Amino acid sequence: MKPLRAGAIVAALALIAVLLVIWKPWDSCDAPDDVCDFLATVADRDGVLGSQVSSRVSERDALAAPELSVDVQFELSDQLAPGQAREAVTQMAQDIQAGAPALDMNEIHLSFVAGPSRKIQGSKTKAYPLEASEIISPAAADEQAKPALLGEKAAFAFGLRHHGAASVINGSATADNLEQLLKLGEFTAQAKHPAELVLADHSVRYSATDRTDMSELQLLADAAKRGIFQNAGIDNSGLNLTLGNQAPAAAKQETHVWLEQHEAFDEAMPYKLFSAGYEVLAEGWVGGKKPESLIPRPVVLPDNVTSWPQDPSAPWCAEGDVDIALGTPDAAAGSRYLPVFAKNTSAGPCALRSYPQIAFLNADGDAQPDVQLQPEPGILLERVTIPAGEAVISTLEWNAMSTSLDPDETVALGIAAARGMTPVELAPAVDGQPTTLDILDGARITQSPWVQARDGWTVPSGAFAQQSPARPRP
């Protein structure tokens, strides 16, 4: 090629590039003209490559003026440093927030994208490897902080991209391999910024709600390297591992031993191991470390209660030594509560070391099927010596259950103080009137062992005198 012709081509290409920057043919605006003009002014700054705007009008109230919602997408140069992205995004969001009321924009779906785009099959929209978005409602009083928050979100996204993330969508970063995932983890840990880190094939997922703990992320990497899990993830529920279809028969036991012997984290972490069909195979705590609240300890008595003497020579309570009574059912915020009492009616002290044995009965007198009574974690099962005439308490707690789909409620309880004793049938009551309990088929109920007393629970005056007559269960 002759030098003159080559020079002419280079000059022409340069001219086209300049025209593209000025003209921005990729810009589009489907909104009222004044809104388009305003947003074009906002986009006229270094680092902004283009914009896409669409709008819609909604009438939420026939008596109120129609509301204008605007979707705005600004494409930024992916060469921006995180600080530059923060500054640009914050300023643009502030400008839009300030100018929106005069243009009657009620809600703005604002997003900033960067990087090489790709078309989404079957759609006119494009996907970008970086996106930070936020919904801004200028009329809301609590919206003033949104621009700065969006700026921080954008800066963090650019930081992740510059550290090798394949894509970043609102703080969720995808890595192509484990090595890159760990590098992203180191960046988020140093930035002290929560993030969701995911392998591109979705086999590993780490979701930190407040911070990135590299020891937790390394555990996921180690799990992936074992080659027997199809999924490994950590989120606010703990560690979840799913075995692959080709996992060996010994994988369950080997995984359990590995996790129980693993070094415990600063904060206790539960784990669950699932089969390929998502059946729970094993569960426990990494390193065998439980939260303090789950470590069984002697019950703490209320401040105004003096501990009964623990007489080692006191006999175990026999069948005729105790009377059973129910307290009044209670409810709060979707939870249900019921106390059970056992009164020593013998002439001297006797002892119990047990959980009450309870069956939950429907109107036909049949036990509700598939009800699970689970020991309350954190309370140690201990021998309690009951002085003559005194009563111990066991507390029941469960989550509210819907009786609209299953009206077969519990109307009575068959209760024995300990295994081997004959249960008595008692009906719950409120103000002396029988009531039902929303304990249905499949209920999960937490119960404490017999204890002398508990904070927040009292033996109502005359509970045994007011109790409906008990009758032995067959």
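No experiment lies behind these values; they were computed from the predicted model shown. Only this structure's heavy atoms are used, side chains among them; waters, hydrogens and symmetry mates stay out.
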Item to complete: Walk me through it: do F158 and L130 pass the test side chain to side chain contact (heavy atoms under 4.5 Å, CB included)?
Response: CA-CA 8 Å; F158 272 83; L130 182 151; 3.8 Å; yes
Discussion item. Quick one, F187 with F156, criterion ring-ring contact (aromatic ring centres under 6.0 Å, His included). Give me CA distance, side-chain angles, the key distance, then yes/no.
Written reply: CA-CA 10 Å; F187 168 71; F156 185 58; 5.8 Å; yes
Item to complete: Please assess R353 against E382 for the test salt bridge (Lys or Arg N to Asp or Glu O under 4.0 Å), listing each intermediate value before the final yes or no.
Response: CA-CA 6 Å; R353 185 180 183 275; E382 293 187 296; over 6 Å; no
Practice prompt. For side chain to side chain contact (heavy atoms under 4.5 Å, CB included), just list the numbers for D408 and D441, CA-CA rounded to whole Å, side-chain angles, deciding distance to a tenth of an Å, and then say yes or no.
Written response: CA-CA 8 Å; D408 192 25; D441 177 14; over 6 Å; no
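Summarising the geometry, atom CH2 belonging to W450 is positioned 7.5 Å from atom CG belonging to L352; distances are rounded to the nearest 0.5 Å. Here the straight-line distance linking atom OG1 of T188 with atom CG of L217 works out to 7.5 Å at 0.5 Å rounding. Interatomic distance, NE2 of H262 versus CG of L239, reported as 9.5 Å (0.5 Å rounding). In this structure, T446 OG1 and I379 CD1 are separated by 10.0 Å, a value rounded to the nearest 0.5 Å. Interatomic distance, S172 OG to Y206 OH, rounded to the nearest 0.5 Å: 13.5 Å.
Counting non-hydrogen atoms of other residues, nucleotides and ligands closer than 6.0 Å to CG of D431 gives a total of 12 or fewer. Residue-environment remark: NZ (K272) stays at or below the threshold of 12 foreign heavy atoms within 6.0 Å. Heavy-atom contacts from other residues, nucleotides or ligands closer than 6.0 Å to CD of Q357 number more than 12. Crowding of D370 atom CG: a count of heavy atoms from other residues, nucleotides or ligands under 6.0 Å exceeding 12.
For the 3.5 Å distance criterion, the side chains of S133 and N170 qualify, holding a donor opposite an acceptor. Side chains of D438 and W398: a donor-acceptor N/O pair is present below 3.5 angstrom, by distance only. For the residue pair H109 and E107, a side-chain donor N or O sits within less than 3.5 Å of a side-chain acceptor on the partner. Inspection of the S335 and E397 side chains reveals no N or O donor paired with an N or O acceptor under 3.5 Å. Counted by atom type alone, H256 and Y271 present one or more donor-acceptor pairs between their side chains at under 3.5 Å.
The pair E196-R205 meets the salt-bridge criterion, since a charged nitrogen lies less than 4.0 angstrom from a carboxylate oxygen. Looking at E376 and R454, a side-chain N of the basic residue comes within less than 4.0 Å of a carboxylate O on the acidic one, giving a salt bridge. Between K343 and E390 there is no salt bridge, since no side-chain nitrogen of the basic residue lies less than 4.0 Å from a carboxylate oxygen of the acidic one.
For the pair R226 and W258, the cation sits on the ring face: its NZ or CZ lies under 6.0 Å from the ring centre, inside 45° of the axis.
For the pair I136 and K146, the tightest heavy-atom approach, listed with the atom from each and the gap, is CG1-CB, 4.2 Å. Considering all non-hydrogen atoms of both residues, S111 and E131 come closest at CB-OE2, 3.7 Å.
Inter-residue side-chain proximity for R118 and Y128 is flagged as unmet; no heavy-atom pair is nearer than 4.5 Å.
Applying the side chain to side chain donor-acceptor pair (under 3.5 Å) test to pairs two or more places apart or on separate chains, those with a residue in residues 295-306 are E292-R297.
Although no hydrogens or angles enter the test, the distance criterion places no donor-acceptor pair under 3.5 Å between the side chain of T212 and the main chain of G185.
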